[in-house]
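Structure first, commentary second.
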Amino acid sequence: DNVAKKRQLYEDVLKQVTILKDMDPYERSKVADCLKTKTYANGDIIINEGEQGNTFYILIDGNATALKDNKVIKTYNKGDYFGELALLKNQPRAATVKAQNNCQVVYLDRKSFKRLLGPIEKILYRNVENYKKVLNQLGLDTACIGGN
Ligand code: CMP
């Protein structure tokens with residue numbers, strides 16, 4: 001059936017996602033059930049800095065960059081995720097994310113993100129410390145990271 005097909009389709013992809021690797025297979029299959037997919041072309045804006053955000057993204061094909069004040073703060077490859085910060089901290093998008101070529105993403109809405117990725121929230125937060133370091137190194141304002 002459809003559900004089985006979708007799980008099958010995303011199983012291999014999700015196993016390659018750093019953040020989801022540590023999840024048990026059952027929980028990961030729940031994530032797979034809720035994913036939707038979208039494609040972007042070179043130059044398309046996936047996330048707009050300063051906007052309200054309700055979506056968490058995983059890049060499953062192509063390349064993207066995160067930008068702040070016209071500086072590249074991160075490059076994304078297959079298996080990387082982004083857009084978690086606005087959802088974790090209930091704040092506007094901290095950076096812009098732009099497609100560098102044809103990209104395919106899978107995404108979760110805020111509700112699914114909270115429900116399904118709640119168990120790995122600590123791991124997500126750990127990475128936020130790296131964001132702060134990167135911004136500091138580039139001389140950018142870290143206020144967008146938020147408190148705690
Ligand atoms: P969010 O703020 O929701 O939207 C922009 C995304 O850029 C952010 O989540 C992170 O996933 C990502 N990002 C990558 N590097 C950084 C960084 N140094 N600071 C903040 N966000 C970053």
Side-chain angles (χ1 to χ4, degrees), residues 6 9-25 27-148:
K6 198 168 176 187
L9 180 68
Y10 288 128
E11 197 176 10
D12 291 338
V13 177
L14 294 187
K15 265 192 281 193
Q16 293 173 48
V17 178
T18 336
I19 200 82
L20 303 177
K21 264 200 286 230
D22 299 331
M23 272 187 145
D24 80 74
E27 296 209 346
R28 213 165 41 220
S29 71
K30 290 278 155 205
V31 174
D33 291 348
C34 290
L35 291 174
K36 290 179 181 146
T37 184
K38 194 167 174 179
T39 57
Y40 294 91
N42 183 14
D44 282 354
I45 303 295
I46 306 171
I47 287 179
N48 239 319
E49 181 178 352
E51 282 186 358
Q52 147 90 5
N54 288 304
T55 311
F56 169 76
Y57 299 91
I58 297 167
L59 186 62
I60 63 168
D61 199 25
N63 303 92
T65 51
L67 301 142
K68 196 170 175 63
D69 294 352
N70 291 317
K71 286 181 183 168
V72 174
I73 57 174
K74 183 138 181 118
T75 61
Y76 294 112
N77 305 304
K78 184 179 180 164
D80 291 333
Y81 69 89
F82 49 84
E84 81 291 7
L85 198 56
L87 306 187
L88 287 172
K89 301 215 171 195
N90 293 310
Q91 63 182 28
R93 297 296 197 185
T96 290
V97 179
K98 195 176 181 180
Q100 291 299 106
N101 41 42
N102 288 332
C103 286
Q104 189 181 2
V105 301
V106 290
Y107 63 95
L108 291 175
D109 63 25
R110 178 184 288 269
K111 250 188 169 169
S112 306
F113 173 80
K114 291 275 174 191
R115 183 164 48 88
L116 297 165
L117 300 192
I120 60 162
E121 201 167 270
K122 279 217 176 74
I123 303 171
L124 293 167
Y125 265 109
R126 238 176 268 155
N127 212 23
V128 176
E129 287 310 307
N130 295 329
Y131 291 164
K132 212 176 268 186
K133 277 183 208 150
V134 170
L135 297 180
N136 275 324
Q137 276 163 8
L138 291 169
L140 297 168
D141 191 2
T142 59
C144 66
I145 302 292
N148 90 23

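Numbering of ligands and ligand atoms starts at 1, following listing order. In this chain, residues are counted from 1 in sequence order. What you are looking at is a predicted structure, and each value in this text was computed from that prediction instead of being measured.
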*Would one find an N or O of A66, backbone or side chain, under 3.5 Å from an N or O of ligand 1?*
no
Would you check if the side chain of [X] reaches a backbone N or O of [Y] as a donor-acceptor pair within less than 3.5 Å?
X    : Y    : answer
R110 : G53  : yes
T39  : Q104 : no
K6   : D33  : yes

Suppose we measure from [atom] to each protein heavy atom; which comes out shortest, and what is that distance?
atom                    : result
atom 9 (O) of ligand 1  : L85 CB, 3.3 Å
atom 11 (O) of ligand 1 : E84 OE1, 2.6 Å
atom 3 (O) of ligand 1  : R93 NH1, 2.7 Å
atom 2 (O) of ligand 1  : A94 N, 2.8 Å
atom 7 (O) of ligand 1  : A95 CB, 3.8 Å
atom 6 (C) of ligand 1  : G83 N, 4.0 Å

Atoms in ligand 1 flagged as close to [X], the criterion being non-hydrogen separation under 4.0 Å:
X    : result
A86  : 1 (P), 2 (O), 3 (O)
I145 : 19 (N), 20 (C)
L135 : 18 (N), 19 (N)

_Distance check, rounded to the nearest 0.5 Å: I19 atom CD1 versus L14 atom CG?_
12.5 Å
*Should one rank Y76, Y131, F82 by closest heavy-atom distance to atom 17 (C) of ligand 1, which comes out on top?*
Y131
*Would you indicate whether the side-chain heavy atoms of L88 and E121 approach each other to under 4.5 Å?*
yes
*Within-4.5 Å side-chain heavy-atom neighbours: Q91 and I145*: no
*Would you check whether G53 reaches within less than 4.0 Å of ligand 1, judged by its heavy atoms?*
no
*asked:* Under a 3.5 Å threshold, yes or no: a donor from one side chain and an acceptor from the other, between N77 and N63?
replied: yes
*Decide if atom NZ of K68 counts as having more than 12 heavy atoms of other residues, nucleotides or ligands within a radius under 6.0 Å.*
yes
